[in-house]
Novice: 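Here it is, the structure, as structure tokens.
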There are 2 protein chains.
Amino acid sequence: MKKGRVTLKDIATKLNLSPSTVSRSLNDHPAIGEETKKAVKELANALDYQPNPMALGLLQKKSNTIGVIVPEITSHFFSAIITGIQDVIGPSEYNIMICLSNESYEEELTLVKKLSKMRVDGILVSPSSATKDFDHFRRLQNNDVPVVVFDRDCPGLEADKVLVDDYSGAYQAVEYLVRSGCTKIAHLGGPLNLSTTKHRLQGYLDALEKNGIPKREEYIFHVKGFSHKDGLKPARKLLEMEDAPDAIFAVNDNIATSAIHVAKKIGLRIPEDISIVGFDDEPHSSYFSPALSTVWQPVYSLGMLSARILLQRIKDTSAKNDFRLEVFKPELVVRASSRENLSDISG
Amino acid sequence: MKKGRVTLKDIATKLNLSPSTVSRSLNDHPAIGEETKKAVKELANALDYQPNPMALGLLQKKSNTIGVIVPEITSHFFSAIITGIQDVIGPSEYNIMICLSNESYEEELTLVKKLSKMRVDGILVSPSSATKDFDHFRRLQNNDVPVVVFDRDCPGLEADKVLVDDYSGAYQAVEYLVRSGCTKIAHLGGPLNLSTTKHRLQGYLDALEKNGIPKREEYIFHVKGFSHKDGLKPARKLLEMEDAPDAIFAVNDNIATSAIHVAKKIGLRIPEDISIVGFDDEPHSSYFSPALSTVWQPVYSLGMLSARILLQRIKDTSAKNDFRLEVFKPELVVRASSRENLSDISG
DNA sequence: AAACTGCATGCAAACGTTTGCATGAAAATT
DNA sequence: AATTTTCATGCAAACGTTTGCATGCAGTTT
């Protein structure tokens with residue numbers, strides 16, 4: 001009795017109709033009589049009929065699924081973006097398939113293959129920190145699968161992009177540090193080939209230069225990951241230098257947290273001896289002591305907009321060439337981990 | 001030319017074979033000649049043939065997809081579980097569809113319908129805090145979709161379950177507080193109808209009773225959510241009482257963090273004036289000051305095991321009735337937010 | 001009465017696979 | 001030489017939909 005789900009044919013048989021009539025009834029086709037429609041709809045409801053998406057997908061050559069590739073989801077940053085994506089896609093007709101590349105190019109490649117095989121109708125992607133080549137995304141595009149890149153740029157790839165102005169965020173942070181009287185400002189940067197960390201580094205460098213502070217190579221570190229432990233050793237090296245910095249701009253809140261941790265351990269007062277600024281504004285950052293000064297990014301909106309753009313791109317398969325580029329502005333949030341006594345440098 | 005993907009038929013035509021022969025060749029059917037096999041496989045490789053999963057799914061009445069329903073993913077807890085799930089399912093033949101219920105029963109219901117419609121082959125679920133009735137999961141089971149419940153129990157539902165011994169974790173934490181000399185131990189608990197928070201509450205109560213400390217109703221709060229801000233007001237109420245507690249056991253690290261925040265603001269010293277213990281051991285918890293004492297849970301393993309059990313259940317459709325119940329032991333991690341001078345209470 | 005217009009419905013093909021059964025040819029047995 | 005066996009391959013149905021076209025039947029027009 002309960003073998004398999006109820007199909008169009010089942011309904012057809014019970015009503016002495018053909019499957020096509022049942023199909024048309026459910027789709028409100030004008031050529032079907034009102035009574036028939038009503039009868040069909042009622043029975044379909046009673047039997048809890050649910051169209052088989054695979055049959056549909058086979059016929060229409062689409063899966064009604066969109067793929068999302070992110071490096072990881074344990075950080076608040078990506079999980080909040082995904083929440084934004086979900087909130088847009090969820091109510092639509094599409095399903096989401098979330099995939100983690102674990103910051104590995106090979107895994108990313110595998111995932112793209114898997115999603116392509118699945119015939120996803122579109123892809124949202126933030127590339128891994130190991131990805132330097134974007135041909136796998138181009139192959140998707142050649143198969144008419146639209147690609148939207150978010151947060152981490154893929155330079156040279158022609159696609160819709162939703163990014164954050166990391167340069168501006170870093171510039172704001174460092175300029176603030178300068179105005180608060182810091183002169184020896186270090187940078188705990190991230191992996192080298194990510195657009196985001198590159199731009200943060202550049203924002204740091206330009207803010208220094210603009211304010212007449214010479215760049216010091218020994219003040220710049222390229223941390224290899226984004227988690228707390230990745231920041232500990234570099235922070236220690238930095239703070240135990242002879243001529244230690246009086247401020248640190250970190251590539252994210254985790255690394256900034258490591259720096260705070262090390263600074264405290266060494267016996268430095270924050271922010272009197274050293275100012276520390278992070279990036280991301282994770283929810284717990286304001287609960288640290290001292291509360292972390294950081295750069296806020298509109299993560300949820302970023303996820304939502306990316307999803308909306310993809311949805312629109314899927315609907316409107318024309319307009320092949322004019323890709324959208326959306327750049328969100330981040331914002332400095334000053335808390336207790338950085339000095340407050342601003343000098344006027346407008347002159 | 002590039003219309004649609006390459007199909008079995010395409011390969012068949014090019015090789016002057018029938019689709020069935022091509023299919024059998026690719027599946028290493030013994031009845032196919034070696035040369036034919038080789039020729040087919042080579043061409044399939046050259047054309048980058050990828051079988052259409054929808055055609056397959058239609059035929060075999062399965063989607064090769066498993067659904068995951070979680071209340072949210074912005075906390076480290078669930079995102080780490082999902083990472084564990086991914087690491088098990090990823091290499092398998094199955095795809096994962098992650099869905100967020102946002103702690104809402106209605107959304108959970110919608111998601112179950114959606115996944116059922118998709119013909120997922122199995123479901124991993126941690127119910128929302130608003131869910132009291134589990135018939136929607138039973139309906140899945142009746143459609144031969146195996147369900148594995150993780151972390152948050154569904155009392156009365158017969159299914160495989162992978163849980164954490166929250167009772168033990170809470171008991172450990174509170175007993176530790178007692179042994180360290182605290183006598184006025186409060187509890188910032190969570191929403192009332194979750195198995196996890198209920199068990200943590202019970203562990204708290206039993207640890208008190210066992211140690212001869214009378215329960216004080218005014219020391220017990222039921223916080224409505226799990227985020228920082230949900231804990232602020234209750235923490236303030238607690239700490240500004242006339243007879244304020246000398247220890248707080250919080251339902252999770254976020255709430256514990258709020259308590260620390262409030263305590264500091266009021267001017268209390270931690271742990272001299274008040275000990276605070278959390279639950280979850282989030283990655284940043286050891287970087288707070290004072291570093292948070294908390295109860296660690298094997299989240300990643302929990303995700304992995306849940307996924308493994310589901311996979312096995314899908315493979316082995318027999319053995320309907322003997323469901324597995326796996327309970328992980330959590331572990332108290334003592335850091336700086338709780339007193340250390342343990343007295344011997346063994347006598 | 002014959003032809004025509006609507007209208008409601010059914011037929012059959014298609015989407016890309018898999019698989020039981022039939023077919024055909026060559027090789028091995030009688 | 002006739003039969004059986006073996007081996008390699010093809011045919012066709014099935015999975016659950018949608019959709020262009022054909023069909024049939026009523027009512028309306030000539």
Side-chain angles (χ1 to χ4, degrees), chain A residues 2-41 43-44 47-65 93 116-121 143-144, chain B residues 2-41 43-44 47-65 93 116-121 143-144:
Chain A
K2 74 162 82 128
K3 277 228 159 161
R5 319 285 183 96
V6 39
T7 75
L8 273 192
K9 229 180 257 179
D10 296 338
I11 301 184
T13 319
K14 283 202 185 152
L15 255 43
N16 256 334
L17 288 170
S18 77
S20 34
T21 305
V22 175
S23 167
R24 282 190 260 253
S25 298
L26 292 173
N27 294 329
D28 260 331
H29 194 284
I32 301 294
E34 286 306 324
E35 304 165 42
T36 326
K37 271 190 197 173
K38 194 187 288 182
V40 168
K41 285 183 182 173
L43 185 59
L47 296 181
D48 191 30
Y49 166 73
Q50 296 182 318
N52 185 323
M54 279 122 109
L56 245 163
L58 186 57
L59 200 57
Q60 306 175 169
K61 290 160 176 290
K62 60 185 303 237
S63 61
N64 270 287
T65 299
E93 60 199 293
S116 160
K117 188 170 170 175
M118 283 210 60
R119 271 70 172 172
V120 290
D121 302 324
N143 275 341
D144 287 321
Chain B
K2 75 161 81 126
K3 277 231 161 151
R5 319 284 183 96
V6 39
T7 75
L8 273 193
K9 230 181 257 178
D10 296 338
I11 301 184
T13 320
K14 284 201 187 155
L15 253 43
N16 257 332
L17 290 170
S18 78
S20 33
T21 304
V22 176
S23 168
R24 281 191 260 253
S25 298
L26 292 174
N27 294 329
D28 260 331
H29 195 283
I32 301 294
E34 286 306 323
E35 303 164 44
T36 328
K37 269 188 196 173
K38 192 188 286 183
V40 168
K41 283 181 182 174
L43 185 58
L47 296 181
D48 192 29
Y49 166 73
Q50 297 183 318
N52 185 324
M54 280 120 109
L56 245 164
L58 185 56
L59 199 58
Q60 308 176 167
K61 292 162 175 286
K62 61 185 303 236
S63 62
N64 270 285
T65 300
E93 58 199 295
S116 160
K117 189 171 170 172
M118 282 210 63
R119 271 70 170 171
V120 289
D121 302 323
N143 275 339
D144 287 321

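Values below: all heavy atoms of this structure, side chains included; hydrogens, waters and symmetry mates excluded.
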Novice: Any chance CD of Glu35(B) has more than 12 other-residue heavy atoms, nucleotides or ligands included, within less than 6.0 Å?
Specialist: no
Novice: For residues Tyr49(B) and Leu43(B), determine if any side-chain heavy atom of one lies less than 4.5 Å from a side-chain heavy atom of the other.
Specialist: no
Novice: Just so I know, are the side chains of Leu58(B) and Asn52(A) near enough to count as touching, which here means a heavy-atom distance under 4.5 Å?
Specialist: yes
Novice: Asp10(B) CG to dG16(C) P: how many Å, rounded?
Specialist: 8 Å
Novice: So how far is it from Ser23(A) OG to Ile32(A) CD1, rounded to the nearest 0.5 Å?
Specialist: 9.0 Å
Novice: Could you state the atom-to-atom distance from CG of Leu15(A) to C1' of dG10(C) in whole Å?
Specialist: 15 Å
Novice: Using atom CZ of Arg119(A) as one end and atom C1' of dT17(C) as the other, report the distance to the nearest whole Å.
Specialist: 11 Å
Novice: Looking at every strand, decide which applies to Asn16(A) at a 4.0 Å heavy-atom threshold: base, sugar-phosphate, or nothing.
Specialist: sugar-phosphate
Novice: Grab the NZ-C1' distance between Lys38(A) and dA8(C) for me, whole Å please.
Specialist: 17 Å
Novice: Please check this pair: side chain of Lys61(B) against backbone of Arg119(B), looking for a donor-acceptor N/O pair closer than 3.5 Å.
Specialist: no
Novice: In the structure I gave you, are the side-chain heavy atoms of Val40(B) and Leu17(B) within less than 4.5 Å of one another anywhere?
Specialist: yes
Novice: With a 4.0 Å heavy-atom cut-off, tell me which residues in residues 19-34 of chain A come close to DNA chain C, sorted by residue number.
Specialist: Ser20(A), Thr21(A), Arg24(A), Ala31(A), Ile32(A), Gly33(A)
Novice: Of the residues in residues 48-63 of chain A, which ones touch DNA chain C at a heavy-atom distance under 4.0 Å?
Specialist: Leu58(A), Leu59(A), Lys61(A)
Novice: Kindly indicate, with the supporting measurements, whether the criterion side-chain contact (heavy atoms from CB on, under 4.5 Å) is fulfilled by Met54(B) and Lys62(A).
Specialist: CA-CA 9 Å; Met54(B) 280 120 109; Lys62(A) 60 185 303 237; 5.6 Å; no
Novice: Taking five pairs at each end of the helix from dA1(C)-dT30(D) to dT30(C)-dA1(D), what angle separates the two helix axes (nearest 10°)?
Specialist: 80°
Novice: Without decimals, in angstroms, what is the distance between Ile11(B) CD1 and dG16(C) C1'?
Specialist: 12 Å
Novice: Is there a side-chain contact (heavy atoms from CB on, under 4.5 Å) between Lys117(B) and Arg5(A) once you walk through the steps?
Specialist: CA-CA 10 Å; Lys117(B) 189 171 170 172; Arg5(A) 319 285 183 96; over 6 Å; no
Novice: State the CG-CG distance between Asp10(A) and Leu15(A), to the nearest 0.5 angstrom.
Specialist: 11.5 Å
Novice: Atom CG of Asn64(B) and atom C1' of dT17(C): how far apart are they, to the nearest Å?
Specialist: 13 Å
Novice: Measure the shortest side-chain to side-chain distance between Val6(A) and Ile11(A) over non-hydrogen atoms and say whether it is less than 4.5 angstrom.
Specialist: yes
Novice: Could you please spell out the steps behind the salt bridge (Lys or Arg N to Asp or Glu O under 4.0 Å) verdict for Lys41(A) and Asp28(A)?
Specialist: CA-CA 10 Å; Lys41(A) 285 183 182 173; Asp28(A) 260 331; 3.0 Å; yes
